[in-house]
Number of protein chains: 2
Amino acid sequence: MLGKTPRTRIQKKNHETILEAALDVFSGHGFRGATLDQIAVEAGLSKPNLLYYFPSKVAIHRALIDRLMVTWLDPLRELDAAGDPIEEILAYVLRKLSMAREYPRESRLFANEIVQGAPNITDKIDGELKSLVDEKTSVIKGWSDAGRIAKVDPYHLIFSIWATTQHYADFDAQIRGIIVTDGETHFDDARVFLDRLFRQMLSPNTEK
Amino acid sequence: MLGKTPRTRIQKKNHETILEAALDVFSGHGFRGATLDQIAVEAGLSKPNLLYYFPSKVAIHRALIDRLMVTWLDPLRELDAAGDPIEEILAYVLRKLSMAREYPRESRLFANEIVQGAPNITDKIDGELKSLVDEKTSVIKGWSDAGRIAKVDPYHLIFSIWATTQHYADFDAQIRGIIVTDGETHFDDARVFLDRLFRQMLSPNTEK
DNA sequence: CGTAGTCTTGACCAATTGGTCAAAGTGGCG
DNA sequence: CGCCACTTTGACCAATTGGTCAAGACTACG
């Protein structure tokens, strides 16, 4: 049996291979829709071999979620209370948009989980996620109260940033059906659009 | 066997009961995660009885999607080229937000499907959805070109409206974990926030 | 009533799926 | 080389799942 942390090189490599394959399969089919056989094939391993490295299907899923939860929240962590308010928030928007482009599978993994009621990650949502959001919303509220940005509900600001950026990863299939460009130019267009959208709202001078 | 349309009263009733139960189960677990037994229990019918009214699991899912596709696009259809541009778009935002509150299961049904690559509805996306969006974006572009609203990419405007409004239904579990209010006041807050967000962006006078 | 069509279900089936296990490899180190 | 821990897998299992079927129950209608 294996301990919590991989020790040998071969363990490290296969651990990685499995998680990579599992990310593909889980993000594309959801937890229930994914099968160990699919993951095994994708990883180039046999099913029992998978279960030599991870005790169960849920354990693989859990390991994925645990690992991703960290990097997923990084863009928000970097929001700097000491920086220029508007530029800080806009930089956060761009960071999130970049993650949607570069890590769409991770985005969909979370989306799948949350759409179905977040059965396996309620603890993480109520825990680290909530506390981080609480911290950053109070920073934003500080800026708002000081008149450095327009008066906005910081929670809904963050929700709208999440929604608009992750949308490009999570609803990619829909977007590709509507915008038929060959390349991925819509990410550039999205960058321009979202910058404008949030800049307008945050700008404090445009008060009535 | 049954024809395409229910004929007797009892058929009509059970058809309805099944679709209602199926909406619950499919929206909460995705297509693959949902089981006929769950739907049967939820509907208060036996599994073979389900299959008396629908030939297969996919047929139930298909019937749901078909039925919902119509009403789901209604808010966009109502966007009136003859109305006041800004108020038309803002009214559309509110209509979408209302649907997210009143029909969260429908929203999640679509979300589940699209996140996983829209395997069963690509035809509908490339068909009615795309043509409707094309039509309305050209209306918005007309307003934009005429200077009646700010210059914005109409496609990304619609995407951002979809994203921000549906987010309240699809990511409800996350929102509830972060905003701990007892009631559903966050829908009212969202209304205010989104109105402001999009009004600012669309307002033509705030040009540089 | 009776009977023909409609509706319902218990029993059953084949395929899939998560997981087990014992036995067979394989790598590295003295 | 020889040994031992680590790694891999074919065969197997019980549970679940979508779907079938034939027999029974119900309903409407003459």
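Lettering follows sequence order; numbering is per chain, from 1.
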Next item on the list: Considering just the side-chain nitrogens and oxygens of B:Y53, establish if one lies under 4.0 Å of OP1 or OP2 belonging to C:dT8.
Entry: yes
Notebook entry, point to check: Which pair of non-hydrogen atoms, one from B:Y155 and one from B:D153, has the smallest distance, and what is that distance?
Noted result: N-OD1, 2.9 Å
Next item on the list: Take the protein atom CG of B:L50 and the nucleotide atom P of D:dG18, then report the distance between them rounded to whole Å.
Entry: 10 Å
Notebook entry, point to check: Among D:dT9, C:dG10, D:dT8, which is the nearest nucleotide to the side chain of A:P48?
Noted result: D:dT9
Margin query: Could you tell me how far apart A:L45 (CG) and D:dG10 (P) are, to the nearest whole angstrom?
Written below: 12 Å
Notebook entry, point to check: In whole Å, what is the span from the CG atom of B:L36 to the P atom of D:dT20?
Noted result: 11 Å
Checklist line | Atom pair distance, as rounded to whole Å: NZ in B:K13 and P in C:dT8 | finding: 7 Å
Next item on the list: Indicate yes or no for a side-chain donor-acceptor contact from A:R77 to the backbone of A:V70 under 3.5 Å, with no hydrogens or angles considered.
Entry: yes
Next item on the list: Check every strand shown and say whether B:I10 touches a base, only sugar-phosphate, or nothing at a heavy-atom separation below 4.0 Å.
Entry: sugar-phosphate
Checklist line | Closest heavy-atom pair and its distance - B:H186, B:I179 | finding: CB-CD1, 4.3 Å
Note to self: In this structure, how many angstroms lie between the P atom of C:dG18 and the CD atom of A:Q38, rounded?
What the structure shows: 9 Å
Margin query: Output the rounded distance in Å from NE2 (B:H61) to P (D:dG18).
Written below: 13 Å
Note to self: Expressed as a whole number of angstroms, how long is the span from A:H29:NE2 to C:dT16:P?
What the structure shows: 15 Å
Item checked: Side-chain (A:E88) to main-chain (A:L79) donor-acceptor, under 3.5 angstrom -> no
Note to self: When you measure from the side-chain N and O atoms of B:R32 to the phosphate of D:dG18, is any distance below 4.0 Å, counting only OP1 and OP2?
What the structure shows: no
Note to self: Check this one for me: any side-chain N or O of A:N49 less than 4.0 Å away from OP1 or OP2 of D:dG10?
What the structure shows: no
Margin query: So, does A:Y52 get its side chain near the phosphate of D:dT8, meaning an N or O under 4.0 Å from OP1 or OP2?
Written below: no
Next item on the list: Measure the spacing between NZ of A:K57 and OG1 of A:T35 and express it to the nearest 0.5 Å.
Entry: 7.0 Å
Check: Below 4.0 angstrom from OP1 or OP2 of C:dT6, is there any side-chain N or O of B:N14?
Finding: no
Next item on the list: Would you indicate, yes or no, if D:dT7 has its OP1 or OP2 atom less than 4.0 angstrom from a side-chain nitrogen or oxygen of A:Q11?
Entry: yes
Note to self: What's B:A34 touching, base or sugar-phosphate or nothing? Going by heavy atoms closer than 4.0 Å.
What the structure shows: sugar-phosphate
Notebook entry, point to check: 5'-most contact on DNA chain C: A:L51 or A:T35, nearest heavy atom basis?
Noted result: A:T35
Next item on the list: Report the nucleotide, chosen from D:dA28, C:dT9, C:dG18, that has the shortest atom-to-atom distance to any side-chain atom of B:R9.
Entry: D:dA28
Notebook entry, point to check: Which whole-number value in Å describes the distance from B:F26 CZ to D:dG18 C1'?
Noted result: 11 Å
Note to self: Regarding C:dG18, can its base be found pairing with the side chain of A:K47 as donor and acceptor, where the two atoms are less than 3.5 Å apart?
What the structure shows: yes
